[in-house]
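For reference, the structure discussed in these notes is given below.
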Amino acid sequence: MKFPGRRRHKHYFPVEDKDPLISQFHSSDRLTHNYICGIDQIVVDIEAKVDQAFLDEFQLKRGMSQVIDSTITNALYDRLKRDKLVEYEFAGGTIGNTLHNYSVLADDRSVLLGVMSENINIGSYAYRFLCNTSSRVDLNYLQPVDGPIGRCFTLIDDTGERTFAISAGLMNYLRPESIDKALVQNSSALLISAYLMRTQGDETMTEATMQAVQYANEAGVPVVLTLGTKFLIEQDPTWWAEFVEKYVDILAMNEEEGEAITGFSDPLLAADKALDWVDLVICTAGARGMFMAGYVEESFKRETEHPLLPGAISEFNRYEYSRAMRKSECENPIRMYTHSAPYMGGPDAIKNTNGAGDCALAAVLHDLSANVYHKLNVPNSAKHEQNAFTYSSLAQISKYANRASYEVLVQHSPRLSRGLPEREDSLEQAYWD
Ligand SMILES: Nc1ncnc2c1ncn2[C@@H]1O[C@H](COP(=O)(O)OP(=O)(O)OP(=O)(O)O)[C@@H](O)[C@H]1O
Ligand SMILES: Nc1nc2c(ncn2[C@@H]2O[C@H](CO)[C@@H](O)[C@H]2O)c(=O)[nH]1
């Protein structure tokens, strides 16, 4: 686990001053390591710039993520290739991206559950998926299938709006018995997306997901749900709200998905409503940055040093300097909220917003997982007198998340190619302490 910290002069000394006992003590194999796991439909993104006429031609609804049949897939693919419209092909999937980015940010292990073609040819989509995934993402638990993984045609129009057309292949054939109980129950978080509930016919992905969720719930492992696309939620918001309340501990969404599930278009109110169901909420809001909402025990609350912000909940950021706790861990839970604007006001030129939200979630998961790691290795630290869920305050986490998503906006792919710089002026000292 990467703890981005300060470098102190006293740690740099000549070789002859080296104490053999100290080097033994610092040997990293004595540390206990933790990991997070996630389930995804394994897909490769095929990205192309198109116009509305193109979407109409293939009966695709703008802005949606939709599953397409093999006839449309073949026609679409042939057309993209014929007109040389494909800009890039890269590993994707909302959870695949998030785990990859988590592993890059934390420089630590995550485990991806899903399917993988058992026979892989060089250059095939399965091959590409494996090549474009961080070596820190453990792919050893993937279930082999006799056929292709999924393809996600990512069609971007002039306004930057993305329309996803999914050619499923065998991506939804993960079986419940392929979910390793101990793996899930020993993890620091289980990450799932709303897309996993979109299955048809004999596809088993939904059952596999529910099996993993049940294992996680039994063991008190936080279940993190990312909502994926508003169109899925709009189909049955009540079902989703009940699902979240029953099984989920941390909810990640953008403002449109937030409105679909809570009925509130204001991201702060949407986050507040979702806090009725879960312990921690992340609501990204595009150019407006992001909102987070969580709980803290009254006696551990910390007042912000920033100006108090107006909003639908007045002075909502008052306790944003507190570390979040599970509601059940609080005797007198109080709600706290934070808002962060985009890092540096957002980049001058946005290359691609695809995956910005996934990356924000990866940063939040890094913070959560760092807390578990610290607790495992330094259990007597004063830091853990408070039984917090997060390593940092809500204010710091949302800044970190925006910093991480900035990196995705200035590159073409939703997956980070490298970690963040160890220290930045824009992050307060408290974060690194
Ligand atoms: N136009 C923008 N200008 C500045 N920052 C932006 C812009 N769009 C996104 N961001 C940054 O990226 C973060 C996440 O963006 P957004 O709300 O678009 O996520 P999303 O819709 O969930 O994305 P995805 O589904 O592709 O992962 C925001 O919190 C913000 O920091
Ligand atoms: N797992 C999964 N990912 C999707 C789906 N539609 C779009 N995405 C991914 O969402 C990512 C952006 O958030 C892209 O990289 C896409 O691969 C889907 O139906 N299932």
Side-chain angles (χ1 to χ4, degrees), residues 38-47 63-68 88-101 112-115 125 129 132 149-156 159-169 171-172 174 191-199 205 209 226-232 252-258 267 282-292 338-364 398-410 412-415:
I39 308 180
D40 206 3
Q41 296 155 321
I42 305 296
V43 296
V44 165
D45 289 348
I46 302 174
E47 198 177 294
M64 273 183 72
S65 166
Q66 53 226 288
V67 179
I68 52 174
Y88 90 118
E89 296 177 319
F90 211 76
T94 189
I95 303 297
N97 292 343
T98 309
L99 290 185
H100 169 96
N101 288 339
L112 178 62
L113 303 172
V115 305
Y125 286 112
F129 185 92
N132 300 153
I149 59 168
R151 281 177 288 172
C152 175
F153 295 96
T154 307
L155 307 169
I156 303 183
T159 68
E161 180 64 279
R162 293 157 307 160
T163 301
F164 296 113
I166 301 276
S167 165
M171 70 177 193
N172 279 326
L174 180 69
L191 183 57
I192 58 170
S193 84
Y195 292 128
L196 302 173
M197 299 293 134
R198 181 166 66 178
T199 44
M205 180 55 101
T209 304
T226 173
L227 289 184
T229 174
K230 70 169 176 177
F231 298 100
L232 208 55
M253 56 198 186
N254 66 20
E255 53 190 333
E256 292 178 332
E257 293 145 16
I282 299 130
C283 187
T284 60
R288 290 168 66 197
M290 75 184 276
F291 292 82
M292 289 184 74
T338 192
H339 167 257
S340 293
Y343 179 62
M344 305 300 248
D348 290 337
I350 294 180
K351 292 227 171 81
N352 198 335
T353 63
N354 195 21
D358 296 343
C359 194
L361 178 58
V364 176
S398 72
K399 287 192 189 110
Y400 178 37
N402 273 350
R403 172 65 188 92
S405 41
Y406 178 96
E407 214 58 28
V408 165
L409 300 177
V410 296
H412 278 291
S413 146
R415 295 185 169 211

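Atom set for the values below is all heavy atoms of this structure, side chains included, hydrogens, waters and symmetry mates excluded. Start at 1 and go down the list; that is how both ligands and their atoms are numbered. The residues of the chain are indexed from 1 along the displayed sequence.
Between S65 and ligand 2, a contact under 3.5 Å exists for at least one N or O pair. Every N/O-N/O distance between S193 and ligand 2 stays at or above 3.5 Å. The N/O atoms of G93, backbone and side chain alike, include one that comes under 3.5 Å of an N/O atom in ligand 2.
When G357, A360, P342 are checked for heavy-atom proximity to atom 27 (O) of ligand 1, G357 turns out nearest. Taking all heavy atoms of A356, P347, G160 into account, the minimum distance to atom 15 (O) of ligand 1 is reached by A356. With P414, A287, S65 as candidates, the residue nearest to atom 3 (N) of ligand 1 on a non-hydrogen basis is A287. Comparing F90, Y195, F153 by heavy-atom distance to atom 8 (N) of ligand 2, the nearest is Y195.
Given atom 18 (O) of ligand 1, the protein heavy atom at minimum distance is G286 CA, 3.8 Å.
Residue-level proximity to ligand 1 for N254 is carried by the side chain, the only part with a heavy atom below 4.0 angstrom. By the criterion of a heavy-atom distance under 4.0 Å, neither the backbone nor the side chain of V67 is placed next to ligand 2. At a heavy-atom distance under 4.0 Å, only side-chain atoms of V43, from C-beta outward, approach ligand 2. With a heavy-atom cut-off of 4.0 Å, N97 touches ligand 2 through its side chain alone. At a heavy-atom distance under 4.0 Å, only side-chain atoms of L409, from C-beta outward, approach ligand 1. Only side-chain heavy atoms of R162 come within less than 4.0 Å of ligand 1; its backbone N, CA, C and O stay farther off.
Residues E407 and Y343 bring no donor and acceptor atom of their side chains to less than 3.5 Å of each other.
Within the structure, the closest approach of R198 to ligand 2 falls below 4.0 Å when heavy atoms are considered.
Note: F291 and H339 have tilted aromatic rings, judged against thresholds of 30 and 60 degrees for the angle between ring planes.
Shown in contact with D358 at under 4.0 Å from a heavy atom are these atoms of ligand 1, numbered in order with element: 27 (O). In summary, the atoms of ligand 1 found under 4.0 Å from a heavy atom of T353, numbered by their order in the structure, are 26 (O). Using a 4.0 Å cut-off to heavy atoms of D40, the atoms of ligand 2 that qualify are 1 (N), 2 (C). If you number the atoms of ligand 1 from 1 as listed, the ones under 4.0 Å from a heavy atom of G289 come out as 28 (C), 29 (O). Close approach to D358 involves these atoms of ligand 2, each under 4.0 Å from a residue heavy atom: 11 (C), 12 (C), 13 (O). Listed by number with element, the atoms of ligand 1 under 4.0 Å from a non-hydrogen atom of G346 are 4 (C).
Stacking of R415 on the aromatic ring of F129 is recorded, both the 6.0 Å distance cut-off and the 45° axial limit being met.
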